[in-house]
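In what follows, residues are counted from 1 in the order of the sequence shown.
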Amino acid sequence: MAGTPIGDIADAPPRLSEELARADVVAAEDTRRLRRLTQALGVTPKGRVVSYFEGNEAARTPELVEELVGGARVLLVTDAGMPSVSDPGYRLVAAAVERDVRVTAVPGPSAVLTALALSGLPVDRFCFEGFLPRKAGERLSRLREVAEERRTLVYFEAPHRLDDTLAAMAEVFGAERRAAVCRELTKTYEEVRRGALGELAVWAAEGVRGEITVVVEGAGEPPAVEPEELVRRVRVREEAGERRKEAIAAVALEAGVPKRVVFDAVVAAKRAL
């Protein structure tokens with residue numbers, strides 16, 4: 001598989017042209033976009049060009065795997081960025097690996113990493129969440145799952161849903177949580193809008209165009225819980241029928257502290273009686 005430019009054609013990795021020219025089969029998410037790409041790069045694929053997108057991915061994968069098993073050189077490309085990252089590709093890679101076919105990649109541009117680097121938010125730890133569900137209820141539910149996630153979060157979003165998504169993020173994560181909306185990365189009208197989620201939601205309500213990547217600050221450290229409060233929570237759970245060991249483990253998890261801290265607090269409280 002090979003990464004393709006997310007905007008500026010000059011970002012195409014040097015090996016991309018070589019692989020396009022050498023491949024026996026080029027599987028492209030959009031063959032028309034591939035044609036524009038090859039023309040811009042000045043390269044003519046020698047092999048067969050086939051479409052490989054969400055609608056035919058499951059059906060075409062076995063065909064491509066048989067080509068690979070037969071010794072063909074198959075190149076997978078998507079419209080922009082790396083295959084498999086919220087784009088077709090995972091099924092083919094998994095099926096090829098299962099048949100013990102060698103899989104490698106031509107590294108290329110990535111909207112995820114580019115947005116992270118430009119966001120101004122912590123990038124030492126992050127997680128990519130892809131696209132959120134389109135339905136409001138499912139979207140809120142997915143956001144609640146990561147409300148306490150401390151790593152920086154990265155999302156893709158369609159421009160016509162951006163205002164609803166940012167409003168939902170402000171509701172779940174808090175209107176003051178910092179974020180960055182990265183639009184049209186590496187293209188002529190590239191824009192990075194940074195601010196609190198509440199502010200960004202108001203801005204997006206006016207309408208936004210282009211390819212969108214949203215980077216959201218992770219949750220902060222949970223407030224410290226005093227030993228007396230830890231002991232109280234354990235007692236409440238014990239009175240409800242939990243064994244002390246399970247109660248200590250549960251309280252440690254919800255307070256975000258090691259079990260030993262809760263255990264020591266309980267023992268100290270018992271000695272003080």
Student: Cation-pi check for Phe263 against Arg260: NZ or CZ below 6.0 Å from the six-membered ring centre and within 45 degrees of the axis, yes or no?
Tutor: no
Student: Which pair of heavy atoms, one from Lys187 and one from Gly7, lies closest together, and at what distance?
Tutor: CG-CA, 3.6 Å
Student: Does atom CZ of Phe156 have more than 12 heavy-atom neighbours from other groups under 6.0 Å away?
Tutor: yes
Student: Please report the closest heavy-atom contact between Ala180 and Val192, naming both atoms and the distance.
Tutor: CB-CG1, 4.4 Å
Student: Decide, yes or no, whether a salt bridge links Glu238 with Arg235 under the criterion of side-chain N to carboxylate O below 4.0 Å.
Tutor: no
Student: Heavy atoms, side chains only, cut-off 4.5 Å: are Leu76 and Leu92 in contact?
Tutor: yes
Student: Atom CZ of residue position Phe131 - does it have more than 12 heavy atoms of other residues, nucleotides or ligands inside 6.0 Å?
Tutor: yes
Student: Using distance alone, with no hydrogens and no angle criterion, decide if Asp30 and Ser51 have a side-chain donor and acceptor under 3.5 Å apart.
Tutor: no
Student: Taking Glu228's backbone N and O only, do any of them form a donor-acceptor pair with Glu226's side chain (distance below 3.5 Å, no angle check)?
Tutor: no
Student: Please check: side-chain N/O of Ser17 versus main-chain N/O of Val43, any donor-acceptor pairing under 3.5 Å?
Tutor: no
Student: For Glu148, look at atom CD and say whether over 12 heavy atoms of other residues, nucleotides or ligands are found less than 6.0 Å away.
Tutor: no
Student: State plainly whether one hydrophobic cluster holds both Val154 and Val146, where clusters connect Ile, Leu, Val, Met, Phe, Trp and Tyr through side-chain heavy atoms under 4.5 angstrom apart.
Tutor: no
Student: With a cut-off of 6.0 Å (strictly less than), are more than 12 heavy atoms of other residues, nucleotides or ligands near CD of Glu63?
Tutor: yes
Student: Looking only at atom types and distance, does a side-chain atom of Arg177 sit under 3.5 Å from a main-chain N or O of Glu217, one as donor and one as acceptor?
Tutor: yes
Student: For residues 202-212, tabulate all N or O donor-acceptor pairs below 3.5 Å that involve a side-chain atom, not counting sequence neighbours.
Tutor:
none

Student: Ion pair present between Arg33 and Asp79, side-chain N to carboxylate O less than 4.0 angstrom?
Tutor: yes
Student: Does any part of the side chain of Glu171, heavy atoms only, come nearer than 4.5 Å to the side chain of Leu143, both counted from C-beta?
Tutor: no
